[in-house]
Amino acid sequence: MSTGNMNLTLKIWRQKNTKAKGNLVDYKLSGISPDMSFLEMFDVLNEDLISKGDEPVVFDHDCREGICGACSMFIDGRPHGPKDGITTCQLHMRSFKDGDTIVVEPWRAKAFPVIKDLTVDRSAFDRVIAAGGFISVNTGNAQDANNLPIPKVQADSAFEAAACIGCGACVATCKNASAMLFVSAKISQLAQLPQGQPERYRRVQSMVAQMDAEGFGNCTNTGACEAECPKGISLENIARMNRDFYSAKFVSEEDI
């Protein structure tokens with residue numbers, strides 16, 4: 001951990017487009033404050049590149065508060081970097097030392113093709129959600145919350161699943177590039193609530209089918225996804241999804 005300004009060497013993946021061959025390019029940075037976030041450090045790098053007439057490094061970002069899931073960098077062999085329970089934008093440079101060499105790469109997965117540099121196409125997640133990650137309700141005023149009493153333990157579990165921000169770190173760290181932690185979280189947040197029951201079994205079948213169609217790998221219970229998830233999504237969600245998936249073969253929605 002550093003307290004003074006740092007000099008760093010960055011090895012950053014540069015790739016012009018999906019079809020182009022990429023490679024790691026070295027960049028030297030000096031005077032980096034330990035209080036900067038990792039993305040602020042990238043802003044400094046890009047300002048320097050632009051001032052020299054060079055092309056800046058393309059990377060995803062939005063809220064920079066650990067909420068949106070847009071930032072997606074594989075830093076020194078770990079998604080979102082060396083700290084647990086945070087996203088790239090929440091990683092600060094005090095987590096590194098003066099003189100460090102930091103390797104930064106994009107998410108690596110067949111279903112996440114590189115668009116440019118560190119930006120990948122994660123629209124596969126959107127298509128999985130579109131396949132069933134919703135409930136069908138009548139429009140109009142919402143019911144009073146007291147009309148749908150839900151046990152606190154159940155509500156808390158659904159909330160924990162809903163904390164998934166869809167960043168894709170689970171896919172990036174999985175040796176099989178599996179999306180089962182993401183998909184199971186989106187299924188679990190609805191499966192545990194009354195509003196999600198009418199389409200529960202149709203939902204799990206549709207979302208798993210779309211996940212497979214997108215080219216994600218299967219789960220082999222390594223647990224790397226839970227370990228690297230910035231929101232701590234539990235493997236219990238995968239077990240719940242598997243139970244629902246097999247139950248769907250024997251239960252019709254009319255039986256609910």
Side-chain angles (χ1 to χ4, degrees), residues 67-70 107 109-112 121-145 147-174 176-223 225-226 229-256:
I67 298 170
C68 70
W107 287 169
K110 176 184 177 182
F112 289 164
D121 181 358
R122 286 174 286 182
S123 60
F125 273 7
D126 297 330
R127 291 188 289 273
V128 171
I129 293 295
F134 53 84
I135 58 172
S136 298
V137 296
N138 294 327
T139 57
N141 292 335
Q143 295 185 47
D144 188 276
N147 287 341
L148 294 171
I150 303 169
K152 187 177 188 305
V153 173
Q154 203 167 323
D156 287 348
S157 181
F159 182 83
E160 289 167 4
C164 170
I165 56 176
C167 66
C170 52
V171 175
T173 196
C174 178
N176 306 318
S178 172
M180 288 186 74
L181 191 69
F182 164 77
V183 177
S184 66
K186 299 305 180 185
I187 287 171
S188 290
Q189 72 184 59
L190 297 175
Q192 299 182 84
L193 298 176
Q195 298 93 329
Q197 298 310 306
E199 297 157 311
R200 180 173 182 170
Y201 297 107
R202 189 195 324 165
R203 176 183 303 113
V204 67
Q205 289 181 308
S206 298
M207 293 180 72
V208 169
Q210 187 63 42
M211 174 183 70
D212 292 341
E214 295 295 341
F216 292 107
N218 203 359
C219 174
T220 50
N221 296 312
T222 304
C225 53
E226 179 181 9
C229 175
K231 299 302 177 181
I233 303 300
S234 173
L235 288 175
E236 292 178 2
N237 293 299
I238 296 179
R240 182 179 296 107
M241 180 182 73
N242 286 336
R243 289 194 297 270
D244 277 9
F245 183 77
Y246 289 113
S247 296
K249 300 180 184 297
F250 305 102
V251 179
S252 66
E253 292 176 0
E254 288 76 14
D255 297 330
I256 301 175

Atom pair [atom1] ([X]) and [atom2] ([Y]), whose distance is rounded to the nearest 0.5 Å:
X: L235; Y: C219; atom1: CG; atom2: SG; value: 7.0 Å
X: S206; Y: Y201; atom1: OG; atom2: OH; value: 14.5 Å
X: I233; Y: Q189; atom1: CD1; atom2: CD; value: 9.0 Å
X: L181; Y: K231; atom1: CG; atom2: NZ; value: 14.0 Å
X: S184; Y: M207; atom1: OG; atom2: CE; value: 9.5 Å

Determine whether [X] and [Y] make a side-chain contact, defined as any pair of heavy atoms from C-beta on separated by less than 4.5 Å.
X: R240; Y: I187; answer: no
X: N242; Y: M180; answer: yes
X: T173; Y: C229; answer: no
X: V183; Y: M241; answer: yes
X: F216; Y: V171; answer: yes

Nearest heavy-atom pair of [X] and [Y]: which atoms, and what distance?
X: L148; Y: P194; value: CD2-CB, 4.5 Å
X: G133; Y: L190; value: C-CD1, 4.0 Å
X: W107; Y: C167; value: NE1-O, 2.8 Å
X: V204; Y: A248; value: CG1-CB, 4.3 Å

Between [X] and [Y] (side chain of the first, backbone of the second, donor and acceptor by atom type, cut-off under 3.5 Å), is there such a pair?
X: Q205; Y: F245; result: no
X: K186; Y: C164; result: yes
X: R202; Y: G132; result: no
X: E199; Y: S136; result: yes

(request) Under the side chain to side chain contact (heavy atoms under 4.5 Å, CB included) rule, what do Q154 and L193 come out as? Steps first, then yes or no, please. (result) CA-CA 8 Å; Q154 203 167 323; L193 298 176; 5.8 Å; no
(message) Tell me which one of R203, K249, R200 satisfies salt bridge (charged side-chain N to carboxylate O under 4.0 Å, His left out) with D244.
(response) R200
(message) For the CD atom on E236, are there more than 12 heavy atoms of other groups (residues, nucleotides or ligands in this structure) within a distance under 6.0 Å?
(response) no
(message) Just checking F134: does its CZ atom have more than 12 heavy atoms from other residues, nucleotides or ligands closer to it than 6.0 angstrom?
(response) yes
(request) Would you please say whether a donor-acceptor pair under 3.5 Å links the side chains of N176 and S178? (result) no
(message) Distance alone, cut at 3.5 Å: any donor-acceptor contact between the side chains of S234 and E160?
(response) no
(request) Fit a plane to each ring of F125 and F182, take the angle between them on a 0 to 90° scale, and name the class: parallel (under 30°), tilted (30 to 60°) or perpendicular (over 60°). (result) parallel
